[in-house]
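Data first, discussion second: the structure below is written as structure tokens.
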Amino acid sequence: MQISVLLPIKSTIISSSSDHHYHHHMSSEKTLFSSLKLCNPQKKIGNRPNIFECFSPISSKSRLAAASDSTAKAEIDDEKSVIQLPGDLRPELLTKHVALIIDGHGRWAKNKGLPIEHAHYESKQKLKQLILNCRKFGIKILTVYVFSTENWNRPKDEVDFLLAHFEGFIQSFITEQIMGQDLRFSVIGDKSKLSQSMQSTISSVEEFAKCNRGMHFLMALNYGGRYEITEASKKIACKVEQGILRAEDINESVFEQQLLTNVTELPNPDLLIRTGGELRVSNFLLWQMAYAEFYFSSKLFADFEEADLS
């Protein structure tokens with residue numbers, strides 16, 4: 001294993017590779033370094049479909065093939081019309097899956113002499129803009145760490161505010177994006193500990209978005225990487241006990257099928273962004289980020305702008 005660490009003045013990127021994954025990693029690195037400013041080598045940093053159409057029968061194979069070709073061409077044309085990249089960057093070289101740890105709310109509020117709720121409100125506005133920007137840039141998947149399994153240790157008033165805050169965010173902005181911008185949406189994490197109201201909201205909105213084909217937004221809510229890996233292990237152990245699997249059948253592919261990120265087509269991020277200046281992953285996507293590029297921004301998330309992404 002070879003580890004390289006590059007330390008620019010205001011940001012840090014950590015890259016890891018192995019001989020076995022050398023060619024994959026170099027290809028990924030070229031993709032990242034040719035897309036967003038975050039990965040600029042000069043800085044050394046790396047119409048919602050009708051739901052019934054999902055089940056519409058086609059009477060002949062020729063019609064099915066024609067419809068498929070037409071749909072595929074329309075999707076490509078739509079995607080090209082939506083993607084807006086700065087400069088001469090090429091869409092095919094874009095980062096496909098971006099993971100984000102939003103951090104710095106407490107420090108932002110303290111610096112401005114405001115209650116923490118103001119920081120969370122400002123963070124919500126930044127998250128809205130981030131989703132719109134990632135869609136504009138052609139990012140396929142955005143996974144955002146909004147509430148960890150450790151966040152229950154915060155003051156109860158803040159936890160209650162945060163969860164109500166996120167429920168309203170899902171009911172309003174996310175639902176609007178699902179209806180108007182073809183957004184796909186999933187929540188990953190232990191949803192059983194959330195209120196019945198929030199569980200119902202999440203379930204309904206996920207169901208509403210399931211036929212969409214646009215950018216996939218994953219909200220990591222009451223999520224922990226160790227929790228995810230433990231639960232995946234339990235599921236596999238149960239299948240072995242039931243005779244569905246043999247121990248010798250277990251491999252990386254089988255294991256990944258039990259992870260929460262299996263809801264998306266590209267479960268492993270190419271790039272992790274963390275705001276707030278901390279240089280750690282905080283129990284986020286521990287399995288999935290084995291070969292991701294890490295970018296640590298000194299900016300607090302409430303101050304994170306489009307210019308920091310483009």
Could you give the distance from [atom1] ([X]) to [atom2] ([Y]), rounded to the nearest 0.5 Å?
{"X": "Glu293", "Y": "Asp270", "atom1": "CD", "atom2": "CG", "value": "9.0 Å"}
{"X": "Leu271", "Y": "Met289", "atom1": "CG", "atom2": "CE", "value": "10.0 Å"}
{"X": "Ser195", "Y": "Leu163", "atom1": "OG", "atom2": "CG", "value": "7.5 Å"}
{"X": "Leu132", "Y": "Lys136", "atom1": "CG", "atom2": "NZ", "value": "9.0 Å"}
{"X": "Thr275", "Y": "Asp308", "atom1": "OG1", "atom2": "CG", "value": "10.0 Å"}
{"X": "Ile202", "Y": "Gln171", "atom1": "CD1", "atom2": "CD", "value": "10.0 Å"}

State which residues pass side-chain contact (heavy atoms from CB on, under 4.5 Å) with [X]; sequence neighbours excluded, sorted by chain then number.
{"X": "Ser192", "result": "Asp190"}
{"X": "Asn151", "result": "Phe147, Ser148, Arg154"}
{"X": "Asp157", "result": "none"}
{"X": "Thr143", "result": "His97, Ile141, Ile188, Leu218, Phe284, Leu285"}

With sequence neighbours excluded, tell me which residues meet salt bridge (charged side-chain N to carboxylate O under 4.0 Å, His left out) with Glu278.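 In terms of salt bridge (charged side-chain N to carboxylate O under 4.0 Å, His left out), with neighbours along the sequence ignored, Glu278 is linked to Arg280.
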Salt bridge (charged side-chain N to carboxylate O under 4.0 Å, His left out) partners for Asp249, two or more places apart: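 With sequence neighbours excluded, Asp249 shows a salt bridge (charged side-chain N to carboxylate O under 4.0 Å, His left out) to Arg246, given in chain and number order.
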Would you say [X] and [Y] make side-chain contact, with heavy atoms under 4.5 Å?
{"X": "Val187", "Y": "Tyr223", "answer": "no"}
{"X": "Asp182", "Y": "Arg213", "answer": "yes"}
{"X": "His120", "Y": "Glu158", "answer": "yes"}
{"X": "Met219", "Y": "Phe169", "answer": "yes"}
{"X": "Gln177", "Y": "Phe185", "answer": "no"}

Step by step, work out the salt bridge (charged side-chain N to carboxylate O under 4.0 Å, His left out) result for Glu176 and Lys128. CA-CA 11 Å; Glu176 291 170 3; Lys128 289 179 180 180; over 6 Å; no
[X] and [Y]: which non-hydrogen atoms are nearest, and at how many Å?
{"X": "Pro115", "Y": "Ala109", "value": "O-CB, 3.7 Å"}
{"X": "Leu183", "Y": "Asn212", "value": "O-ND2, 2.8 Å"}
{"X": "Gly168", "Y": "Ser172", "value": "O-OG, 2.7 Å"}
{"X": "Leu259", "Y": "Ala232", "value": "CD2-CB, 3.9 Å"}
{"X": "Thr95", "Y": "Ile139", "value": "O-CD1, 3.2 Å"}
{"X": "Lys126", "Y": "Ala302", "value": "CE-O, 2.8 Å"}

Report, as yes or no, whether the 6.0 Å neighbourhood of atom NZ on Lys193 holds more than 12 heavy atoms from other residues, nucleotides or ligands.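 Count not over threshold, so no.
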Just to verify, what does Tyr227 make a ring-ring contact (aromatic ring centres under 6.0 Å, His included) with, not counting sequence neighbours?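 Expected list: none.
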Please identify each residue that fulfils side chain to side chain donor-acceptor pair (under 3.5 Å) with Asn283, with sequence neighbours left out.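 Testing Asn283 for side chain to side chain donor-acceptor pair (under 3.5 Å), a comparison that skips the adjacent residues, returns Glu150.
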Sequence neighbours excluded, which residues qualify as side chain to side chain donor-acceptor pair (under 3.5 Å) partners of His216?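 His216: side chain to side chain donor-acceptor pair (under 3.5 Å) contacts with Ser186, Thr264.
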Hey, could you give me each pair passing ring pair (Phe, Tyr, Trp, His ring centres under 6.0 Å) that has a residue in residues 230-271? Not counting sequence neighbours.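 Qualifying pairs, neighbours excluded: Phe255-Trp287.
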Is it the case that the side chain of Ser233 and the backbone of Ile229 share a donor-acceptor pair, with hydrogens and angles ignored and the cut-off at 3.5 Å?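 Yes; judged by distance alone, with no hydrogens or angles, the pair exists.
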Taking Arg274's backbone N and O only, do any of them form a donor-acceptor pair with Ser297's side chain (distance below 3.5 Å, no angle check)?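 Looks like no, no N/O pair under 3.5 Å.
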Kindly give the cluster partners of Trp108, where membership spreads through any ILVMFWY side chain lying under 4.5 Å from a current member.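 Besides Trp108, the hydrophobic cluster comprises Leu114, Leu300, listed by chain and residue number.
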Do any pairs count as a salt bridge (charged side-chain N to carboxylate O under 4.0 Å, His left out) and have a residue in residues 217-243, sequence neighbours left out, and if so which ones?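 Salt bridge (charged side-chain N to carboxylate O under 4.0 Å, His left out) check on residues 217-243 returns Glu231-Lys234.
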Would you call the rings of Phe301 and His105 parallel, tilted or perpendicular if under 30° counts as parallel and over 60° as perpendicular?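 Correct class here is tilted.
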His165 versus Glu117, side-chain donor and acceptor atoms under 3.5 Å: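 No, no side-chain donor-acceptor contact under 3.5 Å.
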Do [X] and [Y] share a hydrophobic cluster, counting only Ile, Leu, Val, Met, Phe, Trp and Tyr and linking them when any side-chain heavy atoms are less than 4.5 Å apart?
{"X": "Tyr121", "Y": "Phe161", "answer": "no"}
{"X": "Leu286", "Y": "Leu272", "answer": "yes"}
{"X": "Ile116", "Y": "Leu127", "answer": "no"}

Would you call Glu265-Lys140 a salt bridge at under 4.0 Å N-O?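 No salt bridge links Glu265 with Lys140.
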Are Lys112 and Glu122 ion-paired here, with the side-chain N under 4.0 Å from a carboxylate O?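 Here Lys112 does not pair with Glu122 in a salt bridge, since their nearest N and O are not under 4.0 Å apart.
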